*Asks:* 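This is the structure, below, for whatever I ask next.
What you are looking at is a predicted structure, and each value in this text was computed from that prediction instead of being measured.
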There are 2 protein chains.
Amino acid sequence: MLSERQRLILNAIVDNYIHSAEPVGSRTISKREDIGFSSATIRNEMADLEELGYLEQPHTSAGRVPSTKGYRFYVDNLIKPHMLSDLELSKLKQLFAERIHHFEQVIDYTAQILSHVTNYTAIVLGPEIFEQRLKHIQIVPLNETQAVAIVVTNTGRVENKLIDLPQGVRPQEIEKLVNLLNSKLTDVPLWQLRQRLYQEVAGEMRRHVEQYEEMLQILEESLQRQEGERVYLRGATKIMDQPEFRDVDKVKDILELLEQNDQLVHLFGPPTEGITVRIGQENQLDAMKECSIITTSYYIGGKPVGTVGILGPTRMEYSRVITVLNYLAEGLSRMLTSQFEK
Amino acid sequence: MLSERQRLILNAIVDNYIHSAEPVGSRTISKREDIGFSSATIRNEMADLEELGYLEQPHTSAGRVPSTKGYRFYVDNLIKPHMLSDLELSKLKQLFAERIHHFEQVIDYTAQILSHVTNYTAIVLGPEIFEQRLKHIQIVPLNETQAVAIVVTNTGRVENKLIDLPQGVRPQEIEKLVNLLNSKLTDVPLWQLRQRLYQEVAGEMRRHVEQYEEMLQILEESLQRQEGERVYLRGATKIMDQPEFRDVDKVKDILELLEQNDQLVHLFGPPTEGITVRIGQENQLDAMKECSIITTSYYIGGKPVGTVGILGPTRMEYSRVITVLNYLAEGLSRMLTSQFEK
DNA sequence: TGTTAGCACTCAACCGCATCGAGTGCTAAA
DNA sequence: TTTAGCACTCGATGCGGTTGAGTGCTAACA
């Protein structure tokens, strides 16, 4: 367990390093107002903290830098709440002032604002498809052999897929089928769709629809491909503002990762209640070993539907970002709930 | 006008620089098989070429580097057709082998393959909305006050928009309206929709639909917002493989530009028949002054629907990229035509 | 007259070396 | 227990010399 003084010093070092990006020496710390000890005392404590694994030394005659463990302790125990500045507040409020109807635009704009306010990369996932319910299904024939299947959810999200029609199917047949599907499947959660398709629709279909076999298969296929979450990425280049990422190779690793949307979902892990912080090597992916990721969930009517997150260097302003994320996720949830709940 | 020998030398210099990324000296050139002159002769010619503006010298005791004018002459007059290697061919054919139904997926996959084959950044725009025709329109009420308006085009593209309903509108009204719209507007090109809405539907609507005014306004709004072209960007990080972009600041300028989709449309300019090459400062945007962009159009049934392009350093393999783009655009056009034409 | 060998010159890149200074660990005194 | 003092470490910075690729110019050559 760390002594009170050790905590004080660790806190001072992390704070300082976050803002300077330079290894911090004992003198710098001893001159801080909140510290009343000489540099020599600090040096002793620093040596101890290093032995305990909270600090690291780039080389013998340099100051100390927090280790992953150091940041972890800082985030878990030392962090002080950040007060949002007027500027931050006014930027954030832009989002809520805007009256955007389109779900995807709201989310995209959220990511944009978030990156702009924090000066880090913003990533927003959402919405979790399996929380959504079917509102309407439609099949639009394009020509003899092709059609578009369209699924609309209660949140106003529209998924569509091009499908091949069985030979010689008649428009009336399709219409009949669509009516059947809508009467049976409306308000069913998306993840149950395939199951319910067999339970409740298949029997009826066999009786009323020609080419029952083919159509069923096509339907299943088109319901299956609902992608999971969509990824909204903004401010990816912000990472290059950080002095520790002045190196093209480092940046490249990170941006390449960000280019692959599927990897991002991995990075975020399962949605959790409240703020989650992943620091440096705590992220499995190697390219992220010098980055931290802070995430939280947003809700519609109390149900989590997606995740918002910030990606920055391990040396990121944890306190500020956490406050911003909390504020934003709460506001976003309120906004979405009032707009999209049932 | 350049002499035959000057062309030969300019060609050799550009070729060499493209592959080495180092300023080329007279000795290097004189040793090439296709050149039969001593380094001294080459030096004289190089001095002339520099005076004429085709070459530049980073500093006195360095070799020469092609200027924008030099590249331009190379591209217009000297380039030799590139033979696609087996590897390139097999990668390109992956695209045509795949049987993807979804338009957007085809385009996205195209960008992916293109970047992978060329090792440069690939950008694909499309499809041009105004070439598409309305296939089906649908309005799905979500609750008392909101609905989703969905527009399906003949290429299978689906656009959707959340709309506010006028107070107290009845579902039957909406159904009536949708039927009316579909019967009047099917097969109308998207760009004519608004106009035709007034010409052909408004009168009928007034007679048959309650809350005529509000609905008309809402409809117009929802048809209006059809975004122009979509942008598919792949391999943005490839630029960092280039030795002249080892500098984070340069890379940042470029990637920031690429993050803004609207800027990209600018960059491509209006679609043209055949290959277009924009070299260095020929691009208006300052961040692009060390980049070249090669574009060409792709077609559905003989009509241009979008643009594919490659972004690389000015020192890019023009010949190879042009061949790849030609081959790919042709194949893509064939593929899309067989799949989507009316 | 065009080409080429030869040569002096230029200049970025590289290397070694000395210096500087921020920061350390240790010791001894307060 | 704290702190002043001091020797020590080592990256960063700066400077002079060397190297070598490449040039322009001149004079000889075919």
Side-chain angles (χ1 to χ4, degrees), chain A residues 2-10 12-17 19-67 70 243-244 246-247 315, chain B residues 1-10 12-17 19-67 70 243-244 246-247:
Chain A
L2 295 188
S3 72
E4 196 51 43
R5 195 168 69 186
Q6 284 174 323
R7 289 159 164 262
L8 203 63
I9 290 171
L10 180 57
I13 292 174
V14 176
D15 261 6
N16 227 279
Y17 186 61
H19 292 107
S20 73
E22 303 271 297
V24 265
S26 50
R27 238 181 81 85
T28 321
I29 298 299
S30 77
K31 274 195 287 191
R32 278 177 59 126
E33 292 180 1
D34 55 340
I35 306 273
F37 309 97
S38 78
S39 61
T41 311
I42 309 283
R43 276 205 289 284
N44 285 328
E45 295 286 22
M46 278 165 109
D48 289 350
L49 283 169
E50 185 172 355
E51 232 166 75
L52 292 168
Y54 294 96
L55 297 179
E56 280 164 2
Q57 221 174 357
H59 58 266
T60 339
S61 70
R64 302 305 207 289
V65 161
S67 65
E244 55 266 63
R246 302 293 320 173
D247 176 23
R315 189 187 59 73
Chain B
M1 204 49 206
L2 295 188
S3 72
E4 196 51 44
R5 195 167 71 188
Q6 285 174 322
R7 287 159 165 261
L8 202 65
I9 290 171
L10 180 56
I13 292 173
V14 177
D15 261 7
N16 226 281
Y17 185 62
H19 292 107
S20 73
E22 303 272 299
V24 267
S26 50
R27 240 181 78 85
T28 320
I29 297 300
S30 78
K31 274 196 286 191
R32 279 177 60 127
E33 292 181 359
D34 54 340
I35 307 272
F37 308 97
S38 76
S39 61
T41 310
I42 311 283
R43 275 203 291 284
N44 286 328
E45 295 286 21
M46 280 165 107
D48 289 349
L49 284 170
E50 186 173 355
E51 232 164 75
L52 292 168
Y54 294 97
L55 296 178
E56 281 163 3
Q57 219 173 357
H59 59 266
T60 339
S61 71
R64 301 306 207 288
V65 160
S67 66
E244 55 265 63
R246 302 294 321 172
D247 176 24

*Asks:* Judged by atom type as modelled, is there a donor-acceptor pair below 3.5 Å linking the side chain of A/E244 to the main-chain atoms of A/A21?
*Replies:*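 Here the side-chain-to-backbone pair does not exist.
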*Asks:* For nucleotides 15-20 of chain C, give me one character per nucleotide, 5' to 3': B if any protein heavy atom sits under 4.0 Å from the base, S if the only such contacts are to the sugar-phosphate, - if neither.
*Replies:* ------
*Asks:* For A/A40 and B/S38, take the nucleotide of DNA chain C holding the closest heavy atom to each; which residue's nucleotide lies nearer the 5' end?
*Replies:*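 Here B/S38 is the residue nearer the 5' end.
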*Asks:* Return no unless some side-chain N or O of B/S61 is found under 4.0 Å from OP1 or OP2 of C/dC9.
*Replies:*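 Indeed not, no polar side-chain atom of B/S61 lies that close.
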*Asks:* Between atom CD in A/Q57 and atom P in C/dT24, what is the gap in whole Å?
*Replies:*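 One finds 7 Å between P of C/dT24 and CD of A/Q57, rounded.
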*Asks:* Atom CD1 in B/I9, atom CG in B/D34: separation rounded to 0.5 Å?
*Replies:*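 Between atom CD1 of B/I9 and atom CG of B/D34 there are 10.0 Å.
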*Asks:* Counting only side-chain N and O atoms of B/R5, is one of them less than 4.0 Å from OP1 or OP2 of C/dT3?
*Replies:*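 Result: yes.
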*Asks:* Please classify the nucleic acid contact of A/T41 as base, sugar-phosphate, or nothing, using heavy-atom distances under 4.0 Å.
*Replies:*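 Touches a base.
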*Asks:* Rounding to an integer number of Å, can you tell me how far A/N44 CG sits from D/dT2 P?
*Replies:*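 Value for this atom pair: 9 Å.
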*Asks:* So, the side chain of A/E51 versus the backbone of A/D48: is there a donor-acceptor pair under 3.5 Å, distance only?
*Replies:*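 Not at all, since once roles are kept as given, no pair shorter than 3.5 Å links the two residues.
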*Asks:* Decide if atom CZ of A/R7 counts as having more than 12 heavy atoms of other residues, nucleotides or ligands within a radius under 6.0 Å.
*Replies:*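 Counting other residues, nucleotides and ligands, CZ of A/R7 exceeds 12 neighbours.
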*Asks:* Decide yes or no, distance alone: a donor-acceptor N/O pair under 3.5 angstrom between the base of D/dT9 and the side-chain of A/T60.
*Replies:*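 Side chain to base: no pair below 3.5 Å.
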*Asks:* Which nucleotide in the list D/dG11, C/dC7, D/dT3 gets nearest to the side chain of B/R43?
*Replies:*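 The answer is C/dC7.
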*Asks:* So, the side chain of B/T41 versus the backbone of B/F37: is there a donor-acceptor pair under 3.5 Å, distance only?
*Replies:*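 Pair absent, no side-chain N/O of B/T41 close to backbone of B/F37.
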*Asks:* Atom CE of A/M46 and atom C1' of C/dA22: how far apart are they, to the nearest Å?
*Replies:*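 Going from A/M46 (CE) to C/dA22 (C1'), I get 12 Å.
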*Asks:* Measure from the side chain of A/F37, starting at C-beta and using heavy atoms only, and say which of D/dT23, D/dT3, D/dC6 lies closest.
*Replies:*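 So the nucleotide nearest the side chain must be D/dT3.
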*Asks:* Quick one: A/R27 CZ to C/dG21 P, roughly how many Å, whole number?
*Replies:*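 About 13 Å, once rounded to whole Å.
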*Asks:* I need the CD1-C1' distance between A/I35 and D/dT3, as an integer number of Å.
*Replies:*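 Result: 16 Å.
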*Asks:* Assess whether a salt bridge exists between B/R64 and B/E56, defined as any Lys/Arg side-chain N lying under 4.0 Å from an Asp/Glu carboxylate O.
*Replies:*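 Salt bridge absent between B/R64 and B/E56.
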*Asks:* Let me know the distance between CZ of A/R64 and P of C/dA22, rounded to the nearest Å.
*Replies:*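 Roughly 17 Å, once rounded to whole Å.
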*Asks:* Is there a donor-acceptor contact under 3.5 Å from the side chain of A/E50 to the main chain of A/A47?
*Replies:*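 It does not hold such a pair.
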*Asks:* Rounded to the nearest angstrom, tell me the gap between atom CD in A/E45 and atom P in C/dG23.
*Replies:*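 For the pair A/E45 CD and C/dG23 P, the rounded distance is 19 Å.
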*Asks:* In whole Å, I'd like the distance from the CG atom of B/L55 to the C1' atom of D/dG24.
*Replies:*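 Those two atoms, CG and C1', are 16 Å apart.
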*Asks:* Which nucleotide, C/dT24, C/dC11, D/dC10, lies nearest any side-chain atom of B/H59?
*Replies:*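 In terms of side-chain proximity for B/H59, the closest of C/dT24, C/dC11, D/dC10 is C/dC11.
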*Asks:* For the side chain of B/T28, counting heavy atoms from C-beta on, which of C/dG25, C/dG23, D/dG22 is nearest?
*Replies:*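 Taking heavy atoms from C-beta onward, the closest nucleotide is D/dG22.
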